[in-house]
> 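Mind looking over this structure? Questions follow.
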2 protein chains.
Amino acid sequence: MARAATTSDAFNAIAEPQRRDILALLRSGERPVTDLAQELGMSQPGASKHLRVLREVGLVRVRGAGKQRLYGLDARGLRPIHEWVGGFEQFWNESFDRLDTYVQDLKQTRQEE
Amino acid sequence: MARAATTSDAFNAIAEPQRRDILALLRSGERPVTDLAQELGMSQPGASKHLRVLREVGLVRVRGAGKQRLYGLDARGLRPIHEWVGGFEQFWNESFDRLDTYVQDLKQTRQEE
DNA sequence: TTGACGTATTCCGATATGGGCATACGATGG
DNA sequence: CCATCGTATGCCCATATCGGAATACGTCAA
């Protein structure tokens, strides 16, 4: 098996930097593909493909506006992610303390890699 | 180019469900690989590989404890993610409203796919 | 209808993935 | 020093990825 299809969930969708850029851009409003592509310095087909992924996981919506298709943000799918990550909030402070223990340990453990 | 190396950043690291499970488990304290593997129903080599990725992006630390190696959480790397996603917080409420507009539009736009 | 524009899809290649299996490695205890 | 336990690596496979180029598609205007 390879990695789960990127199209499978929001976690995968936002793992790709360009897709994060797209989402960020869409916060300022709907946009056609060409716009996004140009603004982000990617090819039109490239942008289209990323948007397809975002559409399939529901982070983005399309709306036909005449000859154009306007892409808009649907951030609801980000909420579960925010919550999952938030479940670690208490730990990223505590981590500093643990680090001390760890560092002391290093002195005699000699970590590889 | 293929997908960016999963080992490149935390976003990629947590894109894989089993790795999320590992992180979640580690909240309750340090654990040796075998423990994790068994608890999560994966092979020892499998767990080792996932832990390697998590180590490389800094979400996990190792500490040699005699014959064993104890893996521990280092959640600091999750903070940037939390913040990035948090940047969309205002939108996942607003999204409902936008959806209305969208749905009305659908009636005459006939979206494919 | 035909053309033009905006966009999606297809096909390709190079690369990376995750899982299974066998095995190499490292540290400890005898 | 050697056997053993806990763990990491290497190798192989099937599959998925992203990017580029060419092209098919859909909608509108003349």
> Output the rounded distance in Å from CZ (A/Phe11) to C1' (C/dT17).
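Distance check: A/Phe11 CZ to C/dT17 C1' gives 19 Å.
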> Ignoring the backbone of A/His50, work out which of D/dG19, C/dA8, C/dT28 is nearest its side chain.
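The nucleotide sitting nearest to the side chain is D/dG19.
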> Each nucleotide N or O in nucleotides 20-22 of chain C that has a protein N or O under 3.5 Å away: list the pair and distance.
residue: C/dG20; atom: O6; partner: B/Lys49; partner atom: NZ; Å: 2.3

> What is the separation between atom CG on A/Asp9 and atom C1' on D/dA16, rounded to the nearest whole Å?
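Rounding to the nearest Å, CG of A/Asp9 and C1' of D/dA16 are 14 Å apart.
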> With respect to A/Leu59, which candidate in A/Leu78, A/Leu26, A/Asp74, A/Leu51 satisfies the side chain to side chain contact (heavy atoms under 4.5 Å, CB included) definition?
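So the option named by the test is A/Leu78.
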> Should the ring pair B/Phe11 and B/Trp84 be called parallel, tilted or perpendicular, given that the plane angle runs from 0 to 90° and is split at 30 and 60?
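Correct class here is perpendicular.
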> Flag yes if more than 12 heavy atoms outside B/Gln38 fall under 6.0 Å of its CD atom; otherwise flag no.
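Count not over threshold, so no.
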> Please tell me if A/Arg52 has a side-chain N or O lying less than 4.0 Å from either OP1 or OP2 of C/dT9.
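A/Arg52 to C/dT9 OP1/OP2: side-chain N or O found under 4.0 Å.
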> Tell me: CD of B/Glu56 to C1' of D/dA8, nearest whole Å?
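Distance, rounded to whole Å: 12 Å.
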> Whole-Å distance between C/dT17 P and B/Ile14 CD1?
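Taking atom P of C/dT17 as the reference, CD1 of B/Ile14 is at 16 Å.
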> Which of the following nucleotides, D/dG19, C/dG26, C/dG18, is nearest to the side chain of A/Gln18?
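From the listed options, D/dG19 comes nearest.
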> Consider the side chain of B/Glu16, meaning its heavy atoms from C-beta on, and name the nucleotide among C/dG18, C/dA27, C/dA8 that approaches it most closely.
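Between C/dG18, C/dA27, C/dA8, the one nearest the side chain of B/Glu16 would be C/dG18.
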> Looking at B/Phe88, B/Trp92, B/Phe91, which hits ring-ring contact (aromatic ring centres under 6.0 Å, His included) with A/His82?
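Running ring-ring contact (aromatic ring centres under 6.0 Å, His included) over B/Phe88, B/Trp92, B/Phe91 with A/His82 returns exactly one hit, B/Trp92.
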> Phosphate oxygens OP1/OP2 of C/dA8: is one of them under 4.0 Å from a side-chain N or O of A/Tyr71?
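Answer is yes, contact under 4.0 Å.
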> Nearest whole Å is fine: how far is D/dC18 C1' from B/Asn12 CG?
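Roughly 12 Å, once rounded to whole Å.
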> Can you tell me the distance, in whole Å, between the CD1 atom of B/Ile22 and the C1' atom of C/dG18?
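In whole Å, C/dG18 C1' lies 12 Å from B/Ile22 CD1.
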> Starting at atom CG of B/Leu70, determine the distance to atom C1' of C/dG26, rounded to an integer number of angstrom.
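Taking CG of B/Leu70 and C1' of C/dG26, I get 15 Å after rounding.
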> Any idea which of C/dT9, D/dC18, C/dC5 is nearest the A/Ser48 side chain?
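Looking only at side-chain atoms, A/Ser48 lies closest to C/dT9.
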> Between D/dG6, C/dT9, C/dG6, which nucleotide gets closest to the side-chain atoms of A/Gln68?
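That would be C/dG6.
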> Sub-3.5 Å donor-acceptor pair from the side chain of A/Arg19 to the main-chain atoms of A/Ala13, do we have one?
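Confirmed, A/Arg19 side chain pairs with A/Ala13 backbone.
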> Side-chain N or O of A/Arg69 versus OP1/OP2 of C/dA8: is the shortest distance under 4.0 Å?
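True: A/Arg69 side-chain N/O within range (under 4.0 Å) of C/dA8 OP1/OP2.
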> For A/Ala47 and for B/Gly66, locate the closest nucleotide of DNA chain C by heavy-atom distance; then report the residue assigned to the nucleotide nearer the 5' terminus.
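Closest to the 5' end, via its nearest nucleotide, is A/Ala47.
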> Write down the distance between NZ (B/Lys67) and P (C/dA27), rounded to a whole number of angstrom.
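Atom-to-atom, B/Lys67 to C/dA27, this comes out as 12 Å.
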> Keeping the roles fixed (side chain from B/Arg69, backbone from B/Pro32), state whether a donor-acceptor pair exists under 3.5 Å.
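No; zero donor-acceptor contacts below 3.5 Å.
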> Taking the side chain from B/Arg63 and the backbone from B/Glu30, do they hold a donor-acceptor pair closer than 3.5 Å?
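No.
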